[in-house]
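Order of appearance sets the numbers: ligands from 1, and atoms from 1 within every ligand.
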Amino acid sequence: MSFTSWQMVEVGKPLERTEVPIPTPGEGEVLLEVAGCGVCHTDLGFFYDGVRTKSPLPLTLGHEISGTVTAVGSGAEQWEKKAVIVPAVMPCGDCDVCRRGKGNICRIQKMPGNDIQGGFASHILVPASQLCEVPLDDNGCPAGDADITLAELSVIADAVTTPYQSVVESGLGPEDTAVFIGLGGVGGFRAQIAKAFGATVIGIDVDMDKIAAMAPYIDKVFNAGEMPFKELRKAVSAFVTEQGRRPTEWKIFETSGTAAGQNTAFGLLTFGASLQVVGFTMDTVDIRLSNLMAFHATARGNWGCLPEYYPSALKLVLDDRVKVRPFVETFALDRINEVFEKSHHRQIKKRPVMVP
Ligand SMILES: [Zn+2]
Ligand SMILES: [Zn+2]
């Protein structure tokens, strides 16, 4: 018996379809039949930009995985036949930082498609201890108000949960204004999460399609490409005042993963503001870091999301308070090289989900 996986063999070389013998789960492990695996900017970074994976090549990429457990190792029997989401970052749970609740920085964490084999495959072997169960209804569909498939729910791992933790850590509440720079992928979900937390939400992008897609879900959108930065800042400020919100302490979220977006995000800092960085780029920016001091502001990043936040992030989606379906597009896994190429050239506006 074998399963199919698409392996990265060399930077920039098409992924290769390979047949791998189906492994038997060891102690505390489960074998999943993959339902869907989201394509993330990070996968493209490994593939096109030569960002090094922690595990040597060849490696199967993909870290936004949902699926159904088809075999269990000893100690993981309770996961038999369960529908699950695999956290994109799985802390060990046992080291010094993990015991202090800081699993995001666990040095022996496991990330599929980086530390271990990833989800662009028909099956995957994963540790069971931190899986997030997806409740199913009588028809075997994800239970809840949202019209969504298990495959589409794969984007919870990372695209929804990483922003979720950053929103939680920003301390965002109903009195606050949240400003999002970058509305594609992760940004689109995060803006909706902020809305679900009751905040006034402003989105900024330079891509008209992304702006149009996001507009119905948040309070105000701005096209940064249409005005000089100073005008943009004034317009954001005017909108906040108009809404009767505080002129201080904006929660600014950088989700574009571009140098231009990072400059915009930093430039929007105001008194007591917080800047949350999730988007990644290898590019550098030229900023006056002392503004943090002058504004008594804070800046922080977050790497992945703690597995304990997954059930509440999943609930927002199943309750239909954060809509996933309008922002994802499913493709047959066999089209992965084409999807990588199109995503790289920004020809796919939604989050692609590969379905084996
Ligand atoms: Zn990712
Ligand atoms: Zn640890």
Side-chain angles (χ1 to χ4, degrees), residues 8 15 28 34 36-49 51-55 59-66 85-121 124 126-130 132 152-167 182 184-190 193 253-258 276-282 301-310 313 324 327-329 336 339-340 343-344 346 348 350-354:
M8 173 169 164
L15 300 172
V34 175
C37 184
V39 176
C40 174
H41 201 68
T42 307
D43 296 311
L44 303 179
F46 291 139
F47 188 72
Y48 288 100
D49 306 331
V51 176
R52 295 280 270 299
T53 54
K54 296 218 195 83
S55 178
L59 180 73
T60 305
L61 301 177
H63 54 266
E64 290 188 351
I65 307 160
S66 60
I85 295 165
V86 182
V89 170
M90 291 176 277
C92 79
D94 204 32
C95 70
D96 172 53
V97 293
C98 281
R99 275 186 265 121
R100 287 185 287 123
K102 298 176 183 237
N104 300 76
I105 55 169
C106 171
R107 295 335 292 151
I108 45 172
Q109 58 180 233
K110 298 271 180 282
M111 176 175 166
N114 187 10
D115 301 291
I116 58 174
Q117 298 295 329
F120 298 134
I124 182 175
V126 289
S129 61
Q130 315 200 47
C132 172
E152 290 167 323
L153 286 176
S154 61
V155 300
I156 299 263
D158 201 18
V160 173
T161 48
T162 301
Y164 183 85
Q165 181 166 357
S166 78
V167 168
V186 167
F189 295 124
R190 177 148 52 175
I193 293 166
F253 298 86
E254 203 315 288
T255 49
S256 75
T258 65
Q276 307 277 328
V277 180
V278 176
F280 181 81
T281 173
M282 291 288 276
N302 73 294
W303 174 256
C305 172
L306 292 172
E308 49 261 46
Y309 287 127
Y310 273 64
V324 163
F327 298 93
V328 300
E329 188 172 354
I336 188 155
V339 170
F340 265 37
S343 302
H344 185 53
R346 300 187 185 270
I348 299 176
K350 298 179 176 182
R351 189 91 165 172
V353 171
M354 307 311 300

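Taking CD of Glu64 as the reference point, atom CZ of Phe120 lies at 8.0 Å (rounded to 0.5 Å).
A salt bridge links Asp115 with Lys54: at least one charged nitrogen is closer than 4.0 Å to a carboxylate oxygen.
Rounded to 10 degrees, the SG-metal-SG angle spanning Cys92 and Cys106 at the Zn ion (ligand 2) equals 110°. The angle that Cys95 SG and Cys98 SG make at the Zn ion (ligand 2), rounded to 10°, works out to 110°.
There is no side-chain donor-acceptor pair under 3.5 Å between Gln109 and Asn104. A donor-acceptor contact under 3.5 angstrom links the side chains of His63 and Asp158, judged on distance only. With 3.5 Å as the limit, one finds a donor-acceptor pair spanning the side chains of Ser256 and Thr258.
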Give the intermediate values and the outcome of side chain to side chain contact (heavy atoms under 4.5 Å, CB included) for residues Val353 and Val39.
CA-CA 6 Å; Val353 171; Val39 176; over 6 Å; no
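Protein atoms that are N, O or S and lie under 2.8 Å from the Zn ion (ligand 1) are these: Cys40 SG, His63 NE2, Asp158 OD2.
Between Phe47 and Phe340, the ring-plane angle classifies as perpendicular under the 30° and 60° cut-offs.
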